[in-house]
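Data first, discussion second: the structure below is written as structure tokens.
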Amino acid sequence: MGYKRYAFAVIAGIAAVFALAMHAGFGRAEDGAREAASLSITVYSGRARQLVAPVFESFERETGIRVRVRYGGTAELAALLLEEGARTPADVFFAQDAGALAAVERAGRFRPLPESLRRTVDPRFVSRASETGGGWVGVTGRARAIVYNTDLVDPAALPQTLEEVLGGEWAGKVGYPPSNASFQAMVSAMRARDGDEKTIEWLRALRASGAKTYANNTETVRAVASGEVAIGLVNHYYALRMLAETPGLSVANFYMTGDDAGSLVNVSGVGLMQRRRGTDATRDAAAKLAEYLLSESAQRYFATETFEYPLARGVEPPTGAPALERVGAGTVDLNALSDLEGTLRLMSRAGVLP
Amino acid sequence: MTECKAHAICCRSLSKSFGETPVLRSLNLCVDRGELVCLLGPSGCGKTTLLRCIAGFEHPGAGSIQIGGKTVAGAGLATPAAPEARRVGVVFQEAALFPHLSVLGNVAFGLSQGRGLLSRLGRGPGRAERARAREMLDLVGLADKADRRPGELSGGEQQRVALARALAPEPEVVLLDEPFANLDRSLRLTLRREVRDALKACGATAILVTHDQDEAFTMADRVGVMLDGEIAQIEPPERIYDHPADTRVASMVGRGALLDASVEDGGLVCCGLGRVSADGIGEACAGAGCSVFVRPEGLRLNPEGCPRSVAGRVVRVEYAGDHRLVTVDIGNGAAIPVKVDPNLRVSVGTEVGVEVVGPVRVVRGVKPPSPVTVSAKRTADAGRRDR
Amino acid sequence: MDTGGAAVVRGGGLGGIAPGRARRAPIMLLIAASVVGVLAALPVVYLFVRALEAGGGELAETLRRPGLLVLVLRTAALAGVVAGASVAIAFVLAVLTAATDLPLRRLSSVVSVLPLAVPCYVGASAVVGLSGPGGVLEGMGTARGFWAAAVVLTLFVFPLAYLPLRASISRVDPRLVDAARSLGESGLGATLRVILAWSWPACVGGGVLVGLYTLGEFGAVTMLRCDTLTAVIYEQYRSSFSRTGAAVSSLLLVVLVLALLGVGGLLRRRGKWSSARGSSRGGVTLRLGAWRWPAFALVMLIGAGPVLLVVLTLLSWLGYEGGAVGVGGGLWAGAATSASVAIAAGVACVLMTAPAAVLAARYPGRVSGLVERAVSTGFALPGIVVALGLAFFALRATPFVYQTWAMVIAAFVVLFAAQSLMALRASLERSPVRLEEAARTLGRGPVGAFVGVTLPGLAPGIGAAWVLVTLSAMKELPAMLLLSPAGSVSLAELVWSSTREAMFASAAAPGLALIGVSAGLVWLVAMREGLTR
Ligand SMILES: Nc1ncnc2c1ncn2[C@@H]1O[C@H](COP(=O)(O)OP(=O)(O)O)[C@@H](O)[C@H]1O
Ligand SMILES: [Mg+2]
């Protein structure tokens, strides 16, 4: 009787080991001998599988280079990269936000980028260090926007600057996601432009105005759609995506054009990793991938499928979004966004984070 | 049922089945106030089931139960009363003491019913409850062990605590289900006395269930012999021994020989032991054939060929200290136990004669199946199923 | 699993097993038992390394961070509330399913474990979705904050407490309840005064386990905006280049773990069972009378209600437009990966914790106490900490295993050994030493006696341990993300990456697959635990 149960466990164990062995066949990170046969590179992607997997797949099809992707949170992957140091198995880091890229850059983990690659993109969206040493380059742009409820708000009355968001008429009607990386990037930009004092004042005033906090951008947009708040401080593509999924939601984007952090354009970007065990072939392949991400077809994909701004020159922005030149007024040196810790500390001092 | 007001407990026509199997069959039992009744019966005859019905843990299929004059089950009662509403104390075979409470806490457990549930949960026993619990512990001679944990007591002590616990709330009746079955023999002997004394000291009404004949006889005011879910006979121990109501009781209680007999004129019966006079012919015999019963002490062993003796051969000799029990085969497969002086040396195979010297009784009912010789086995395995 | 807490809390002698204490543990057993303890302690060592990297000033500043005290208190309060509520619910369900004449007890028992099949983050995102625009709970205000997190966590993790309680209550000696009732105690009173007291060690053990789980929970608390220490640890990791703050916070979490274990030990000592000899035959059966069907409805409501809500939510997501992006074939690969890794992790965990369980049950002492503490800490540490800690050591000491499945399985052992240890140990403590002793007198060696006598009786415990770990491993996210070989897919990752991009349509299929596979495992755990008896 008891032995039947063992039999079950033993079979389960054997099945698992077998399955693992099969996985290990193509799952193991690297194996020098095999690499020669079919070149493969490893990407740490802080961008979600659903958003970028098609791009990697078409890259594989076009070049014959295998791309093995570790998907994860941008920040977690950055932490892992820093923990790994030169022992990292990653060839490429594709990150969701400039802060994490800058952190990895500052730790000296990036290789220099090919000159041609840097020139593809507006210098606002390329790390400055990339000229001299290792750095990163932006792939897509993510503009800050005010999402508003079209039933509750007259677009003409919307705030034009972050300062106006604090105005009395918006008291208790604003939603924002303080723990969201994009919001924090905006705060970092604010610090870089206006200094810590002004920033903390703005945050305190925002909090005092009765603005409501949400877990993330999606939540904030939902709250706006439901009328729980009238406007939300978010990235531009969430409303666009949600409208694509559920047409008829009463939300729309408004892009502030004032010369402040409210019109920041943050990026998702890519950097090439310093890797002790890398070969010339993998280095070339990694650079090829970065180039591919900035190629016209990939860029158009981002514009139409993820509703982000293509950063390579000459590709149309997503429908319904104004030209990149018009929205990026508040963009600061994106490397300044890397002091996330300082920003978090400031935010918790202002009481918007625990 | 007014007559039951006089009784502490009264079961009428009680029936209970588990599934298709009947366990209690129209059982009647009444116990007077202050009386100690021992129910004696083989394992599986339904003793525990009866007690569980009385206590309210099982619900009888038919019949009624009255406790202290109040009907608690049957007799038009829509739902049987809950166990906690019956004022019945129970002592189990295993003491079933609450392991998380001290001895005192155990005894005081049932004393807090006046308080609200939260108070019972939150607080230990109050002053009056402690006093009463100590009194009960005194009664069973365990006053000095009040602060022990149940696990730190011997088996006998645990049973005494269980009795104190059951007696403490002054129940209408105490039910004891083979309370000594798990104890060794010498402890059992002393505990019988102590438990009886304690019960009598409180004037408690009690039903004690056992499969041990000595236990029933030494403790009981009345012994009820229980067979197959019925009470076959309920009378003082002497009566049970001397006047078993039927062949089943006769074979249950004590040893003796049960023989086929035919009735003859003049108060005589003819059986394997010859033509002897017998009691109770009129009551128990319908027609010519019946059974007669004789105890080992009603027989005498004579040398072979003595007059008035039936010839036979010794097949077994058992030494019991104050006597010897000699089993004699008198033919027809009938083996007769005879009680003899312990100093009398007989060996197996000896040809002897058996003479009737004591009373021979005609008993009701058919002869039980073989073996003809009835021995109230000290059924060592009897209590095992209950463990 | 009646002594569920035993895995993590010492105390209260088990009378019958006392002989073990006098003997000294064989050295091989000590070594074998320490392996899992050492492994589980690695992340803590890593945390010290990272925390000490910082100067004293930085440390002091981190500790003086405004709101830190509130944060720690809130975390402790959440763990306490979730543990208390879970034990309360688990006790009610365990009594109903193990000690009453509830209708359809078989079904009820399985349903009571069902919530384990739902990952907390999926449950939370369903609740968030339901309370958002267009959701059924829309009118009820947003479900956010401390109480929302407490409710959601309780609803989905109480089975961790239910399992040990169910096992304990099904072994209550029915005569104890009979005795209480004959002493005038009502059914409810007997339940509370006898059954609760009897199962107290299991209550405490289950509560500690739930509390530990809550301390390390990340997905649900962030989604429901209840900032706990773990949420803040993740936050701090996002501020990438200084891992000091996160390390210090994690060490604070370790302190909370030790405090929780301490509280558990104290609570456990309150229930002083001198000899918790269970009954081996049929347990208590309280009559519910007219309450039978209402009670059944309650069990279904608590057990199946939230699960059904989540499944329905996911099904409704399936219908969203903008369909599943890029999941497609990944679903099968993900299911295969998740299942096989989880199964292997379960086996590894059982094998590695078995010696520790034997040590704890037969030779309790300092070593077993330390191992239990280490393993409990592993259970409560956030996955990212465990992942980074193991990466730290693997890169330096064993680079060849880095980014292989072995890493993931090691992480799962660290994260979930506590559950396995608990189940195995409780099962061992139930199997009487006497039997082993009898086997010894019949000429078997110690190992022979163990294999021949104890192991067969241990089968249900082994099954329970294996399934609990496998189930947790299926749902685990951060360690899987960071340590699995690049290029692999798992169900948990598919669900997570879809929900974080608000692509609910593509989260639905992997979410349902995850719940489906887990529900199958729950059914197994129910079988292993003899719940259906
Ligand atoms: N709960 C039960 N379910 C089914 N049968 C039972 C149950 N309890 C007792 N019985 C059966 O009823 C009969 C009488 O049992 P019991 O009252 O315990 O006997 P006793 O106590 O005289 O040894 C036995 O045959 C036993 O198997
Ligand atoms: Mg019995």
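Each chain gets a letter, A, B and so on, in the order the sequences are listed, and its residues count up from 1. Excluded from the calculations below are hydrogen atoms, water molecules and symmetry mates; all remaining heavy atoms, backbone and side chain alike, are included.
- Side chains of A:Arg142 and A:Gln96 form a contact here, defined as non-hydrogen atoms less than 4.5 Å apart.
- Of the two parts of A:Ala181, the backbone and the side chain both hold a non-hydrogen atom closer than 4.5 Å to a non-hydrogen atom of chain C.
- Taking the six-membered ring where tryptophan is involved, the planes of A:Phe94 and A:Phe302 are perpendicular, since the angle between them exceeds 60° and thus also 30°.
- Looking at C:Leu395, the atoms closer than 4.5 Å to chain A (heavy atoms on both sides) sit in the backbone and in the side chain alike.
- For a residue to count as touching a neighbouring chain, one of its non-hydrogen atoms must lie under 4.5 Å from one of that chain's; by this rule A:Thr343 does not touch chain C.
- Environment of CZ in A:Arg207: sparse, with no more than 12 heavy atoms of neighbouring residues, nucleotides or ligands closer than 6.0 Å.
- By number of non-hydrogen pairs under 4.5 angstrom with chain C, the leading residue of A:Arg349, A:Glu76, A:Arg70 is A:Arg70.
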Evaluate A:Glu308 against A:Thr140 for side-chain hydrogen bond (donor to acceptor under 3.5 Å, both in side chains), listing each step before the verdict.
CA-CA 6 Å; A:Glu308 291 165 291; A:Thr140 63; 3.0 Å; yes
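- For A:Phe56, no part sits under 4.5 Å from any heavy atom of chain C, backbone or side chain.
- Only the backbone of C:Leu483 comes within contact range of chain A, with heavy atoms under 4.5 Å apart.
- A salt bridge links A:Arg49 with C:Glu493; the closest basic N to acidic carboxylate O contact falls under 4.0 Å.
- Of the two parts of C:Ser484, the backbone and the side chain both hold a non-hydrogen atom closer than 4.5 Å to a non-hydrogen atom of chain A.
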